[in-house]
Amino acid sequence: MFRFIVRRLLQLIPTLFGLSVLLFIWLHRLPGGPETAILGERGTPEMRAQIRRNLGLDEPILVQYARFLRRMIKLDLGTSTSTKRAVTTEFVERFPGTVELTIMAMVLAIGIGIPLGYLAARRRGRLLDHASVGGSLIGICIPVFFLAYVLKAIFSEHFHWFPSSGRQDPTIGATRVTNFFLLDGLMTREWDAAADALWHLVLPGIALASIPLAIIVRITRASVLEVLGEDFVRTAEAKGLTENTVRRRHVLRNAMLPVATSIGLLTGGLLSGAVLTETVFAFSGIGAFVAEAIGQRDYPVLMGFIMIIAVVYVLVNLIVDLSYSVIDPRVRVR
Amino acid sequence: MTITTGKKREKLDRLSELAARQDEQGVSVWQEAFRRLRRNPAAIVGAVIFALFVVVALVGPFLVPYSPTDTIGIREGLIRPGVIPGIDGDHWLGYDHQGRDEFSRLIVGARQTLLVGVVATLIGLAIGALIGGVAGTAAGLGGRWGRWIDSTLMRFIDMLLAMPSLLLAVSIAALLGPSLITVMIAVGVVSVPVFARLLRGSMISQSNSDYVLAATALGVKKSKIALTHVVPNSLAPVIVQATLTLATAIIEAAALSFLGLGNQNSAIPEWGVMLAEAQPYLGVRPGLAIYPAVAIIITALGFTLLGEAMREALDPKLRK
């Protein structure tokens, strides 16, 4: 087990290296550069050259890459060309928002999705089954940004139940410790700040949860249905085991493998930036920031962001693979 | 030695006899699947939506009452700041923000929407199934080379997964310029890892099942087991994923249009673009956003219903 984890973490190094080479070439092939974003169309060739020289973009790509690597080893991601601040500072401020939003969405999606999918499979063909299958279909088919607009229009602009934008009401004057607003509120015992942060998470959380929820319901249902048809479930029932034991130890456990895979993929996807939801709710997370950084050709921000996301993905996949061996002892990690 | 081979041959003969007899009397898996499909109401609904959508996409542009690009409303002075006229007798869904007939645009838009969905899914399916199939086969064959190929391909897939989908799409758009083709490629490439991982995972779990053990015991070659036993049995989740992807491709295309990466030529209407263009006018006429949104939702629903029903019909484990 320990060797497996160490080996997987060591595999991160070639993955990151390969990714950074690919990205470096890909990003620098994009037409235009930061100088166009900074100067617009008016800049003279001399001004452009000056900016490129200041940013070190006039050197050969290999020299630039070597400099990038040297900084990476020191965990320094450089300075953003558009905001002129350290990339790490930008991320420390913005990433927690996206993480909070992702956790909110996944808690909703897993907490509702697995029980609902399981019940739908057990009551196959009955009302609950049809309702949850139908609901999950609609959940998948609604464009997220449309749902976000609808939620905002109904629950925030019409009923005024929830705030329409941002992460927290600035007039509360909450103390910042970790930039996880909800956690900060709990740590400093500023309960109103924590409640307000949670309140701000509800609508974007629901909008973001719609697709993961629908997928988890569907996969759980399909997987449970498949397991229910297996011989060992009939055997367990025939042995006279209580329904609860069969349900927990035989059905759910065997049905969880595909669900765990999809949860891992979905979480990674949400962490990489809920651009649409963040845009609609003016939620200052990482997604909208990075989408803007592409327009600005902000190379340090883009490289740093993708390096971080790559690490997150590898970790999420590692956790998923480890969870396999917990769920199904036949899958042994080597 | 001779006795055992004799027995084995006898057993094989008996098996092949059995197999031959079943072929004479029974129907093929696909025939039976089709029969079950016809009895499933969800499949019928899905198929009807699917058929309707395809027909509209093919012949719609020839049947619409108005040209989708004719700015009638502006010519007749109906569009003023803050005023977009709604439904009237001749214009079933009213006008859009440039005074064009909304109903006609919706009908003509079906074609581009179908094209985006199908092409994007095919791109994702083809590349993803190829990578996943090769990795799954290699993992099943085992050996040092098999494991090496499998893990190299999966590391590549991890890298693709690590690229945030929208970021990938936005950078493709920056390279190719915003257009419908950009959207297709972006949406397709984004779905590659899902297909690859799904097929590989499904193949590996099939490799551990009893019938593969039985085939191995009967002396069937490993490569033949992979191709004739494991791959066909692993395809069901891929088929489900393809129909789901067809639906989500249309939705993701709408999202890219919302971010301004889609088709910039509004002479060719597309639902995602229409939805994106309607955002500034939500307060004036929410219908402009609701019509294309509902069209997208219904179409995606149809694809998903049909795909789900197909999976159930094809899956022998779910037979009643």
Side-chain angles (χ1 to χ4, degrees), chain A residues 11 14-16 18-19 22-23 26-27 29-32 130 133 137-138 140-147 149-150 153 211 215 218 222 225-226 229-230 257-258 261 265 268-269 271-276 279 287 290-291 293-295 297 302 305-307 309-314 317 330-331, chain B residues 42 151 154-156 158-159 161-168 170-171 173-175 177 193-194 197-198 201-202 205 208 237 240 244 247-248 250-255 258-259 272 275-276 279 282-283 286 289-290 292-293 296-305 308 311-312 315 317-319:
Chain A
Q11 279 175 356
T15 306
L16 284 182
L19 197 63
L22 282 180
L23 272 168
W26 170 248
L27 284 179
R29 280 194 63 97
L30 289 182
H130 291 309
V133 169
L137 281 178
I138 294 174
I140 288 177
C141 296
I142 293 184
V144 173
F145 61 95
F146 181 69
L147 178 65
Y149 268 119
V150 171
I211 289 176
I215 292 177
R218 295 167 60 91
L225 272 182
E226 203 165 318
E230 298 274 358
L257 271 183
T261 313
L265 287 177
L271 278 177
S272 66
V275 179
L276 300 168
T279 309
V290 170
I294 295 175
R297 299 285 185 276
L302 295 175
F305 175 68
I306 293 177
M307 292 294 112
I309 288 297
V311 175
V312 168
Y313 256 105
V314 172
N317 273 321
R330 284 173 305 177
V331 181
Chain B
S151 91
M154 281 304 112
R155 286 297 82 73
F156 174 69
D158 283 350
M159 275 202 253
L161 265 179
M163 281 284 271
S165 53
L166 266 169
L167 193 62
L168 191 63
V170 174
S171 58
L175 195 66
V194 180
R197 282 185 74 101
L198 208 65
S202 168
S205 85
N208 292 328
V240 179
L244 286 178
T248 49
I250 292 173
I251 297 162
E252 274 171 29
F258 169 74
L259 292 174
L275 183 48
Q279 302 304 335
L282 272 176
I290 293 172
I296 289 173
I297 293 170
I298 290 177
T299 308
L301 216 56
F303 284 134
T304 316
L305 279 175
E308 186 78 345
R311 190 186 71 93
E312 282 191 20
D315 192 342
K317 284 189 206 123
L318 295 175
R319 268 181 212 171

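Just so it is clear: chains get the letters A, B, ... in the order the sequence lines come, proteins before strands, and each one is counted from 1.
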Report which part of A/Ile138 has an atom under 4.5 Å of a heavy atom belonging to chain B: side chain, backbone, both, or neither. both
Which residues share a ring-ring contact (aromatic ring centres under 6.0 Å, His included) with A/Phe146, sequence neighbours left out: none
When heavy-atom pairs shorter than 4.5 Å are enumerated against chain A, which of B/Ala254, B/Ala247, B/Ala276 gives the highest number? B/Ala254
Could you pull out all residues at least two apart from A/Thr279 that satisfy side chain to side chain donor-acceptor pair (under 3.5 Å)? none
Given heavy-atom pairs under 4.5 angstrom as the criterion, report whether the side chain, backbone, both or neither of B/Leu198 touches chain A. neither
Is the shortest heavy-atom distance from the side chain of A/Pro143 to the side chain of B/Ile297 under 4.5 Å? yes
Side chain from CB out, backbone as N, CA, C, O: work out which of these in B/Leu275 comes under 4.5 Å of a heavy atom of chain A, or both, or neither. side chain
From A/Ile140 atom CD1 to B/Leu301 atom CG, the distance as rounded to the nearest 0.5 Å: 9.5 Å
